[in-house]
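Since the structure comes first, as structure tokens, the remarks are kept for the end.
Quantities reported herein were computed from a predicted structural model and do not represent experimental measurements. Scope of the values below: all heavy atoms of this structure, side chains included, with no hydrogens, waters or symmetry mates. Below, read A as the first sequence line, B as the second, and so on, with proteins coming before strands; counting in each chain starts at 1.
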There are 2 protein chains.
Amino acid sequence: MSTELWLAQLHENGYRLTDARRAVVEIVERSARALTPVEVYDMARRKYRALGLVTVYRTLEKLEELHLIQRVHQPMGCQAFISAGEGHQHLLLCQNCGQVAFFEGDDLDVLTKSIAKKTGYQISEHWLQLFGLCVNCRTN
Amino acid sequence: MSTELWLAQLHENGYRLTDARRAVVEIVERSARALTPVEVYDMARRKYRALGLVTVYRTLEKLEELHLIQRVHQPMGCQAFISAGEGHQHLLLCQNCGQVAFFEGDDLDVLTKSIAKKTGYQISEHWLQLFGLCVNCRTN
DNA sequence: ACACTTATTGAAAATGATTTTCATTAACGA
DNA sequence: TCGTTAATGAAAATCATTTTCAATAAGTGT
Ligand SMILES: [Mn+2]
Ligand SMILES: [Mn+2]
Ligand SMILES: [Zn+2]
Ligand SMILES: [Zn+2]
């Protein structure tokens, strides 16, 4: 559904709509876990055989530029992307299956102010990521 | 000073003390910012000319194994290492010069419990990293 | 001090991931 | 429908990391 929105975004920003891009967008937008370029390639090629890996890289680049996807950092590697959350959100990752959940409402103001005072740094950003087991992986 | 401790750690774990390792340890242990393997190579080679880049990779691997250094993830790349903090600490990075400060005392229990309840995930770990400007870079 | 065992080394080759080049194709505004 | 030009995929180039391997030297026992 939101696939259409992504394609519209691309179009509005002067990018042409091609079958290659449609295939990549469809895969990435619908995934509940972060995907590497090769994973996207393999999956998207089932929709569009002629797709090239290079185009996957190029499309991911543009989607990141438009803030439609974001890079996910993990102990095993940092070359994976997931559709970006809206507004100020952070990720919660299942260490077993990779399932991603977004959350918001973290309040680090007290902490950052205290650290700023203590260290003299002017703090402007933070990265927060939680790891654990999703409902499925927890039970089974 | 603590360079000696690192070397002792290596020795205690059955690793031999070589000039190559001494040079790498000296550089990494004293750095106030995260260094990439090539940066370590360039700097350590000033102490030990014959040093090979391969040995830098191998030594960093061992230091990480012994928890003497830790990998630092940044927007620009995730292949840099800094001497590890003691106990439960997190990093505060200067976006201008890369200077690293450690901090502790973050209390995410309330948050993680709330997120756990909301999502059904069993949360076991977290990554937290702050970004900003260090005292030097803030003024100048 | 010497000899022995074997971990460690650096050079070179191999691998793997990403980027660049380039001729061809096709999106889309006119 | 046409023309312009962005987009494409194949192949080559580049870059980072790992593996292979013969030579070296650290640490141990004498
Ligand atoms: Mn936050
Ligand atoms: Mn913490
Ligand atoms: Zn799971
Ligand atoms: Zn700074």
(message) Using heavy-atom distances to pick each residue's nearest nucleotide on DNA chain C, tell me which of L53(B) and V38(A) is more 5'.
(response) L53(B)
(message) Is there a side-chain contact between C97(B) and N136(B) in this structure, where contact means two heavy atoms from C-beta onward sitting under 4.5 Å apart?
(response) no
(message) dT8(D), OP1 or OP2 - any side-chain N/O from T18(A) closer than 4.0 Å?
(response) yes
(request) Among the candidates dT8(D), dT18(C), dG27(D), find the nucleotide nearest to the side-chain atoms of L17(B). (result) dG27(D)
(message) For dC28(C) and H11(A) - does any side-chain N or O of the residue sit under 4.0 Å from the phosphate oxygens OP1/OP2?
(response) yes
(request) Would you mind telling me which of dT18(C), dA7(D), dT9(C) lies closest to the side-chain atoms of Y15(A)? (result) dA7(D)
(request) Give the rounded distance in Å between these two atoms: CG of D19(A) and P of dA26(C). (result) 10 Å
(message) With side-chain hydrogen bond (donor to acceptor under 3.5 Å, both in side chains) as the test, pick out the partner of Y15(A) among Q9(A), E65(A), K62(A).
(response) E65(A)
(request) Report yes if a side-chain nitrogen or oxygen of Q79(A) is closer than 4.0 Å to either non-bridging phosphate oxygen (OP1 or OP2) of dA17(C); otherwise report no. (result) no
(message) Using a 4.0 Å heavy-atom cut-off, does Y48(A) contact any base of the nucleic acid, only the sugar-phosphate backbone, or nothing at all?
(response) sugar-phosphate
(message) Name the residue from I123(A), L128(A), T119(A) that meets the side-chain contact (heavy atoms from CB on, under 4.5 Å) definition with L130(B).
(response) I123(A)
(message) Let's see if you can work this out: which of dT20(C), dA16(D), dT8(D) has an atom nearest to the side-chain heavy atoms of Y57(B)?
(response) dA16(D)
(request) Measure the distance from CD on E39(B) to P on dC15(D) and round it to the nearest whole Å. (result) 17 Å
(request) Figure out the CG/P separation between L60(B) and dT8(C), and round it to whole Å. (result) 15 Å
(message) Once hydrogens and angles are ignored, does a donor-acceptor distance under 3.5 Å link the base of dA6(D) to the side chain of R16(A)?
(response) yes
(message) From OH of Y41(B) over to P of dT9(C), roughly how many Å is that when rounded to an integer?
(response) 14 Å
(message) Quick check: any donor-acceptor pair below 3.5 Å linking the side-chain of R58(A) to the base of dG9(D)?
(response) yes
(message) Can you measure M76(B) atom CE to dC15(D) atom P for me and round it to whole angstrom units?
(response) 16 Å
(request) Using whole Å, report how far CZ of R21(A) lies from C1' of dA6(D). (result) 8 Å
(message) Are the side chains of E39(B) and R33(B) in contact, using a 4.5 Å heavy-atom criterion?
(response) yes
(message) Using whole Å, what does the distance between atom P of nucleotide dT18(D) and atom CD of E61(B) come to?
(response) 7 Å
(request) Among L66(B), V24(B), V28(B), find the one that has a side-chain contact (heavy atoms from CB on, under 4.5 Å) with W6(B). (result) V28(B)
(request) Rounded to the nearest angstrom, tell me the gap between atom CG in L63(B) and atom P in dT8(C). (result) 13 Å
